[in-house]
There are 2 protein chains.
Amino acid sequence: MAEERLQHGTLSDELGFLLARANSVSLAAGNEALAPHGLRGRSYSVLAVVADGARPTQRELADFLRLDPSQIVAIVDDLEGRRLVQRRQDAADRRARIIVATAEGERVFAAARESALAAERTAHPGFADEDRASAIALLRTLAFPEP
Amino acid sequence: MAEERLQHGTLSDELGFLLARANSVSLAAGNEALAPHGLRGRSYSVLAVVADGARPTQRELADFLRLDPSQIVAIVDDLEGRRLVQRRQDAADRRARIIVATAEGERVFAAARESALAAERTAHPGFADEDRASAIALLRTLAFPEP
DNA sequence: TATTGTTATACTCTATAACTATA
DNA sequence: TATAGTTATAGAGTATAACAATA
């Protein structure tokens, strides 16, 4: 197969390319696993933060997930329309909306998370459990670079 | 800042989320660095494979970069229009087009690669050189999962 | 003045299907 | 029948600017 021949080129030494390809593999598997729950990668991420009880504002979600605030509006509109999350007024700052999960939102998230983690394992076989912790630590340094 | 508080949630244990965020950080820095060369992440990747002398067909590029064949058409059209690559007939299979770099394409790639690697370093500070080799190895297993 | 959420818009990327020419 | 490249189209994701309410 051609892939093997091309794998030894200069691109395979670039973080950017490897991250893009690994993300593509992961996202394809993730979207497929999340579809039965009516979610995609982005809406799953929003629901995950909210179901965690973090009570984030939309702005905090945008910063954390690296999505534009206007994208958060659309995602929260969708999730709210399906009664999975609610917008609450922030008592301290009346401009801000705090997003919380409904009981149904927590149930959907718990089921979706099972599917997502299973998909992660099948999408990345040969990725041993003992590697996982160090891999997560490494990816955190790439995902949250220190200024 | 809110980011620190949210960083301890369940999402930060998921490969998919960390890959998506790391890729977002990397891509933003990469696109900015490549813009002066008239390239973006995807066209840079195509040019990189071709400038390597790999002589891939468009189908091989699609598989390797995980882009749809129709996307390769558009990217090669763009690069060919700017005289950075050429389409060649494959003598063995007249359906296939082999993509090769022009001398100008090799020059543009060499300059772009300098910018891309520099951007990689600034986008991911605290990512020590001694870590890099093992990180690359790890990301390869995520980017090219064994079937 | 600056920030939060919102609306609007344009552009890029992704996914699919169909067509042609070759195998 | 199947594959390589191409065209077309729709949907998802990204980026920017402007606005009202509030700080």
Side-chain donor-acceptor distances from residues 24-34 of chain A under 3.5 Å, at least two apart:
{"from": "S24(A)", "atom 1": "OG", "to": "R66(B)", "atom 2": "NE", "distance (Å)": "2.8"}
{"from": "N31(A)", "atom 1": "OD1", "to": "G41(A)", "atom 2": "N", "distance (Å)": "3.1"}

Close aromatic pair by centroid cut-off 6.0 Å: Y44(A) and F17(B) = no
Would you indicate whether R55(A), at its atom CZ, is surrounded by more than 12 heavy atoms from other residues, nucleotides or ligands within a distance under 6.0 Å?
-> no
Which pairs count as side-chain hydrogen bond (donor to acceptor under 3.5 Å, both in side chains) when at least one residue sits in residues 94-105 of chain A, sequence neighbours excluded?
-> D93(A)-R95(A), E104(A)-R107(A)
Any link between L139(A) and F144(B) through a network of hydrophobic side chains (Ile, Leu, Val, Met, Phe, Trp, Tyr) touching at under 4.5 Å?
-> yes
Please list, for nucleotides 2-4 of chain C, all pairs of protein and nucleotide N/O atoms separated by less than 3.5 Å.
{"from": "dT3(C)", "atom 1": "O4'", "to": "R95(A)", "atom 2": "NH1", "distance (Å)": "3.4"}
{"from": "dT3(C)", "atom 1": "O2", "to": "R95(A)", "atom 2": "NH1", "distance (Å)": "2.6"}
{"from": "dT4(C)", "atom 1": "OP2", "to": "R59(A)", "atom 2": "NE", "distance (Å)": "3.4"}

Quick one: [X] [atom1] to [N] [atom2], roughly how many Å, whole number?
X	N	atom1	atom2	value
D77(B)	dT6(D)	CG	P	7 Å
R88(B)	dG5(D)	CZ	P	15 Å
I72(A)	dA15(D)	CD1	C1'	14 Å

Taking distance alone, no hydrogens or angles, what donor-acceptor pairs closer than 3.5 Å link side-chain atoms of residues 84-92 of chain A to residues at least two apart or in another chain?
{"from": "Q86(A)", "atom 1": "OE1", "to": "R88(A)", "atom 2": "NH2", "distance (Å)": "3.2"}
{"from": "R87(A)", "atom 1": "NE", "to": "Q58(A)", "atom 2": "OE1", "distance (Å)": "3.0"}
{"from": "R87(A)", "atom 1": "NH1", "to": "D77(A)", "atom 2": "OD1", "distance (Å)": "3.1"}
{"from": "R87(A)", "atom 1": "NH1", "to": "E80(A)", "atom 2": "OE1", "distance (Å)": "2.7"}
{"from": "R87(A)", "atom 1": "NH2", "to": "Q58(A)", "atom 2": "OE1", "distance (Å)": "3.4"}
{"from": "R87(A)", "atom 1": "NH2", "to": "D77(A)", "atom 2": "OD1", "distance (Å)": "3.0"}
{"from": "D90(A)", "atom 1": "OD1", "to": "A92(A)", "atom 2": "N", "distance (Å)": "2.9"}

Please tell me if the side chains of R82(A) and L39(A) come closer than 4.5 Å, counting only heavy atoms from C-beta onward.
-> yes
Do any side-chain nitrogens or oxygens of R94(B) fall under 4.0 Å of OP1 or OP2 in dT3(D)?
-> no
Interface polar pairs with nucleotides 12-16 of chain C, N/O, under 3.5 angstrom:
{"from": "dC13(C)", "atom 1": "OP1", "to": "R40(B)", "atom 2": "NH1", "distance (Å)": "3.1"}
{"from": "dT14(C)", "atom 1": "OP2", "to": "R42(B)", "atom 2": "NH1", "distance (Å)": "2.7"}
{"from": "dT16(C)", "atom 1": "O4", "to": "S70(B)", "atom 2": "OG", "distance (Å)": "3.3"}

Qualifying residues under side chain to side chain donor-acceptor pair (under 3.5 Å), relative to R132(B), sequence neighbours excluded | E120(B)
